[in-house]
Amino acid sequence: MDGSRDAYRRSADAYDLVYDGIGKDYRAEAAEVAGLVRERRPDARSLLDVACGTGAHLLHLRRDFAVEGVELSAHMADRARRRLPGVTVHEGDMRLFDLGRRFDAVTCLFSSIGYTRTPEDLQRALVAMTRHLEPGGVLVVDAWLTPDDWVDGHVSAVAATEEGRAVARTDRSWRMGRTSVLDMTWVVTTPTGTDTFAERHELGLFTDDETRASLEGAGLVDVVELPGAVAGERSRWVASAP
């Protein structure tokens with residue numbers, strides 16, 4: 001990933017079809033997150049989803065909260081706005097955004113926090129998220145893989161179809177120091193032709209100790225790790241603003 005507004009320029013329109021095709025259950029994931037928020041703040045009414053992508057989690061979270069989103073990619077943000085009329089989706093960098101208001105809950109799901117890549121930027125992002133929490137507000141962050149959990153050389157493929165379009169994506173991955181690299185090749189076929197293109201995504205490999213230290217360094221309290229809560233292999237972290 002190039003870390004710019006232009007990220008996902010060619011894949012944004014195919015992104016949801018691929019994850020729908022593999023049965024990613026955004027509804028169930030949103031219900032789990034809402035439950036975690038309610039455990040700590042039963043009266044929570046507002047929620048901000050950072051790195052909200054195409055808004056698939058927000059689609060369900062808005063049933064429980066007044067929601068907004070933040071997304072770096074202009075193309076993904078546009079998809080989210082089309083999916084969620086009336087929901088505000090801001091374009092912004094998770095390390096730097098400042099909306100000038102606070103929420104009862106802030107989330108960063110589907111391991112998007114890994115795109116911060118370095119411990120310094122991880123800290124900056126968590127500080128920015130904490131700045132948007134009401135006192136006693138709840139932060140929920142889905143971690144990426146740790147250095148110990150990462151396995152080099154993983155390859156995979158997914159495919160999905162809908163009327164008038166077929167999409168396939170292959171992935172291969174490896175490590176560069178403390179950065180995981182995922183090369184994705186997309187093939188999108190319609191009645192008018194086939195488009196093939198590649199994307200590279202780079203995510204930082206943070207230890208559990210680094211993540212906990214960054215959460216606590218952002219001023220959060222009651223930090224809890226839920227191992228294996230994300231795809232059965234990654235941790236979900238829950239914390240509260242003082």
Side-chain angles (χ1 to χ4, degrees), residues 1-8 12 26 29-30 33-34 36-38 40-118 120-144 204 211 214-223 236-242:
M1 182 179 179
D2 63 9
S4 72
R5 293 181 66 253
D6 202 42
Y8 293 99
Y26 288 100
E29 292 174 14
V33 170
L36 291 171
V37 172
R38 295 290 186 208
R40 294 190 176 217
R41 195 175 178 91
D43 61 346
R45 300 178 61 185
S46 60
L47 181 144
L48 176 68
D49 189 22
V50 179
C52 67
T54 64
H57 285 112
L58 285 176
L59 179 67
H60 304 290
L61 287 167
R62 68 175 177 173
R63 297 172 182 172
D64 293 284
F65 309 98
V67 299
E68 296 184 22
V70 174
E71 171 57 43
L72 176 62
S73 164
H75 307 281
M76 298 291 262
D78 181 62
R79 289 281 298 176
R81 294 185 190 108
R82 283 185 276 155
R83 166 180 263 156
L84 301 166
V87 172
T88 300
V89 177
H90 310 266
E91 287 181 32
D93 186 321
M94 72 172 79
R95 303 165 301 175
L96 305 170
F97 75 100
D98 187 354
L99 307 184
R101 57 165 300 197
R102 298 187 179 195
F103 300 80
D104 295 317
V106 174
T107 60
C108 185
L109 306 174
F110 206 6
S111 300
S112 298
I113 195 69
Y115 285 112
T116 56
R117 292 185 55 184
T118 68
E120 293 77 18
D121 278 346
L122 171 64
Q123 180 80 81
R124 293 171 69 192
L126 293 173
V127 167
M129 294 178 204
T130 302
R131 187 169 59 238
H132 288 80
L133 281 172
E134 294 282 6
V138 183
L139 178 68
V140 181
V141 175
D142 288 350
W144 179 232
T211 299
S214 292
L215 289 161
E216 294 174 347
L220 294 158
V221 297
D222 298 328
V223 177
R236 173 169 287 153
W237 294 82
V238 187
S240 298

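Please read all numbers here as calculations on a predicted model, not as lab measurements.
Between Val141 and Thr211, every side-chain heavy-atom pair lies at or beyond the 4.5 Å cut-off. Within the 4.5 Å cutoff, the side chain of Arg102 has no heavy atoms near those of the Leu133 side chain. Using a 4.5 Å heavy-atom cutoff, the side chains of Val37 and Val140 are in contact. Within the 4.5 Å cutoff, no side-chain heavy atoms of Asp64 are placed close to those of Leu47.
Judged purely by atom type and a 3.5 angstrom limit, Arg81 uses its side chain to pair as donor or acceptor with the backbone of Val89. In this structure, Arg83 contributes its side chain and Thr54 its backbone to a donor-acceptor pair below 3.5 Å. With Ser46 contributing its side chain and Asp104 its backbone, the two residues share a donor-acceptor pair below 3.5 Å. With hydrogens and angles ignored, the 3.5 Å screen pairs no side-chain donor or acceptor of Arg40 with any backbone N or O of Gly137. Of the possible polar contacts, one joining the Gln123 side chain to the Ser214 backbone as a donor-acceptor pair under 3.5 Å is found. Side-chain N or O atoms of Asp142 include none that pairs as donor or acceptor with a backbone N or O of Leu109 at under 3.5 Å.
One side chain, Thr107 or Asp49, offers a donor N or O that lies under 3.5 Å from an acceptor on the other.
In this structure Glu120 satisfies the side chain to side chain contact (heavy atoms under 4.5 Å, CB included) test together with Thr118, sequence neighbours excluded.
Sorted by first and then second residue, the side chain to side chain donor-acceptor pair (under 3.5 Å) pairs with a member in residues 126-138 form an empty list; sequence neighbours excluded.
Around the CZ atom of Arg38, the shell of radius 6.0 Å holds more than 12 heavy atoms that belong to other residues, nucleotides or ligands.
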